[in-house]
Protein chains: 2
Amino acid sequence: MPLSRERVLRAAVSVADSGGIESLTMRRLAEHLGAEAMSLYYHVTNKEDVLDGVVDLIATEINEVVERIDVPADGADWKKAVRQRILSAREVLLRHRWAPGVFETRTNTSPAVLRYYDALLGMMLAGGFSYDLAHHAMHALGSRALGFTQELFDPSGGGGATDQAADLAEMAGQFPHLVGMLTEIAHDDPDSTLGWCDDQTEFEFGLDLILDGLDRARERA
Amino acid sequence: MPLSRERVLRAAVSVADSGGIESLTMRRLAEHLGAEAMSLYYHVTNKEDVLDGVVDLIATEINEVVERIDVPADGADWKKAVRQRILSAREVLLRHRWAPGVFETRTNTSPAVLRYYDALLGMMLAGGFSYDLAHHAMHALGSRALGFTQELFDPSGGGGATDQAADLAEMAGQFPHLVGMLTEIAHDDPDSTLGWCDDQTEFEFGLDLILDGLDRARERA
DNA sequence: TTGTACGACTTACAGCGTAAGAACGGCCGA
DNA sequence: TCGGCCGTTCTTACGCTGTAAGTCGTACAA
């Protein structure tokens, strides 16, 4: 089977899936395809192009999933439709946990991502949004529209379960509120899913907060 | 003046400020300090450590700024205090535009970031939040708490002003809603500030949406 | 049969992070 | 005054990265 851009990109996703994004080098990618590194350059202009293509591939996978969801004909319940769409997108990203980081580094916009946003926008417009409010909505959602958020610190991160109590006590002087919160929350569910400490419950809480806010803004308009 | 961890980290910020984060290599950093690359390793364990330190330095700069803001004594108007704090943090990041990307790659949490979040949390608790709701709030804010968001596609990105109209017309078939929106919005203010198309107005819209939502959740509790 | 274009390969290079150890300089006990 | 020590810096070198340049085999058109 000859090389092709398609095959190269699919292999790239496969390599990243199995070894993480830092294991995706041109040489390893070639090896995975039974070829030499430089051979890839005939089908791909450089590594940036590979990453662009990979993002497009993942976004395409997302589109395939979300486009199977049947959308309410009247568009009245936009919130439910948007919510379902976003949570479905998230499921795809959960299968490629390295992907959010790559999405964030892209500066060229993938057509598939555009397509995704376009459909999302369409739902809001159908639900009664003005262009202006829909525009704000897109920015307010940001990466959450595609199903992920990036946390800047991970309360449950680092250290085993036993150390954790000791660590907390030690930090209490410096960070009293954080320690108080973490102690009460006992937020030690290990099924943190995407990014760092971005679990499903928290994601949905934030998502609903925004969607509800947008709905209220729409009603006021 | 001898090398020191402090001096190395400050130089790292300076290099990134002037040449972007991709220009920050150990060799260039050393050159900037009038030393050899390997000399840095006496003061710093490796490049990851440099990046950790840089994040801590920026977060410290943020803390210095936000801690000068006088906080309402009673904590009743938590929303105003939190809002002001976050927008001030944003101003610091606007002086180091490469920084958000570095923040997102860190897996070890900087003490200064913890300190920042701790104080933010304190404001919410003083404002009547339960630990549980405050916890949700932290996740809902995510990186926005520190003053930035990362957009996944940039509507105003790429192409000169003249090309843009032509591009839009060309894309209208594929992305009708996006094109419709962009046409109406004429969202061509060039003072996009942080990340890609993350301008001040949009940031504040999203921030207020979340803060208002949190306030309502607090009232209901 | 010969030219031409495609597609894969070989070789090579500069730049990266950093391991290992040598060399320097200043202080301290003899 | 003289070692010796030790904190700090430098030299050298290695493996890895992305990729520029050029070579080679094959398939097909003339």
Side-chain angles (χ1 to χ4, degrees), chain A residues 1-58 96 98-99 101-108 110, chain B residues 1-58 96 98-99 101-108 110:
Chain A
M1 190 166 27
L3 289 177
S4 71
R5 179 179 171 86
E6 174 85 7
R7 230 162 75 76
V8 169
L9 298 182
R10 291 202 181 282
V13 169
S14 158
V15 168
D17 277 343
S18 63
I21 192 63
E22 75 285 356
S23 79
L24 179 60
T25 70
M26 296 303 278
R27 285 178 233 267
R28 247 192 291 270
L29 180 51
E31 193 183 0
H32 206 75
L33 287 159
E36 296 301 317
M38 287 310 292
S39 304
L40 308 182
Y41 284 82
Y42 187 82
H43 305 276
V44 142
T45 72
N46 51 31
K47 190 175 182 183
E48 282 294 284
D49 189 32
V50 171
L51 294 178
D52 283 346
V54 157
V55 162
D56 200 62
L57 211 57
I58 300 289
H96 309 283
W98 47 270
V102 182
F103 271 77
E104 283 174 346
T105 64
R106 298 303 83 201
T107 171
N108 296 337
S110 128
Chain B
M1 191 164 32
L3 289 176
S4 70
R5 180 180 169 86
E6 173 85 9
R7 232 162 72 75
V8 168
L9 297 181
R10 290 205 182 282
V13 170
S14 159
V15 168
D17 278 342
S18 64
I21 191 63
E22 74 285 355
S23 80
L24 179 59
T25 69
M26 297 302 279
R27 285 177 230 268
R28 245 192 292 270
L29 180 50
E31 193 183 2
H32 207 73
L33 287 160
E36 297 301 315
M38 286 311 292
S39 305
L40 308 182
Y41 284 82
Y42 187 81
H43 306 275
V44 141
T45 72
N46 52 31
K47 189 174 184 183
E48 283 292 287
D49 188 31
V50 171
L51 294 178
D52 283 346
V54 157
V55 162
D56 200 61
L57 212 57
I58 301 288
H96 310 283
W98 47 271
V102 182
F103 271 76
E104 283 174 347
T105 64
R106 295 305 83 199
T107 172
N108 296 336
S110 130

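Throughout, protein chains are lettered first and strands after them, A, B, ... in sequence-line order, and every chain is numbered starting at 1.
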Within the structure provided, determine whether Trp98(A) and Leu24(A) are in side-chain contact (heavy-atom separation under 4.5 Å).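 Heavy-atom side-chain distance check fails, nothing below 4.5 Å.
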inquiry  = Do Tyr42(B) and Val8(B) make a side-chain contact, defined as non-hydrogen atoms from C-beta onward lying under 4.5 Å apart?
reply    = no
List for me each residue that meets side chain to side chain contact (heavy atoms under 4.5 Å, CB included) alongside [X], sequence neighbours excluded, and say none if there are none.
| X | value |
| --- | --- |
| Ser23(A) | Val15(A), Arg28(A) |
| Ala11(B) | Leu29(B), His32(B), Leu33(B) |
| Tyr41(B) | Met26(B), Met38(B), Asn46(B) |

Which nucleotide span of DNA chain C, 5' end to 3' end, has atoms closer than 4.0 Å to non-hydrogen atoms of chain A?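 The contact span of chain A on DNA chain C goes from dC6(C) to dT11(C).
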- For residues 45-52 of chain B, which residues have at least one heavy atom under 4.0 Å from DNA chain C?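 Heavy-atom contacts with DNA chain C come from Asn46(B), Lys47(B).
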Note: contacts of residues 28-39 of chain B with DNA chain C (heavy atom, under 4.0 Å) are Arg28(B), Met38(B)
By side chain to side chain donor-acceptor pair (under 3.5 Å) - contacts of Ser39(A) (at least two apart) |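 Checked Ser39(A) against side chain to side chain donor-acceptor pair (under 3.5 Å); zero matches.
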Taken in chain and number order and not counting sequence neighbours, the residues that satisfy side chain to side chain donor-acceptor pair (under 3.5 Å) with Arg5(B) are Asp49(B)
Can you give me the first and the last nucleotide of DNA chain D (5' to 3') that has an atom within less than 4.0 angstrom of a non-hydrogen atom in chain A?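 On DNA chain D, the outermost contacted nucleotides are dT17(D) to dA21(D).
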Might you point out which heavy atoms bring [X] and [Y] nearest each other, and give the distance in Å?
| X | Y | result |
| --- | --- | --- |
| Ala37(A) | Arg27(A) | CB-CG, 3.8 Å |
| Ser110(A) | Asp56(A) | OG-OD1, 2.5 Å |
| Gly53(B) | Leu9(B) | CA-CD1, 3.7 Å |

| task | Provide the full list of salt bridge (Lys or Arg N to Asp or Glu O under 4.0 Å) pairs with a residue in residues 9-21 of chain A, sequence neighbours left out, each pair given once. | result |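 Only Glu6(A)-Arg10(A) qualify under salt bridge (Lys or Arg N to Asp or Glu O under 4.0 Å).
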Applied to residues 38-48 of chain B, the salt bridge (Lys or Arg N to Asp or Glu O under 4.0 Å) test, sequence neighbours excluded, yields Glu48(B)-Arg106(B)
To the nearest 0.5 Å, atom OG1 of Thr25(B) lies from atom CD of Glu31(B) at 8.5 Å
Under a 4.0 Å heavy-atom cutoff, the residues of residues 3-22 of chain A touching DNA chain D are none
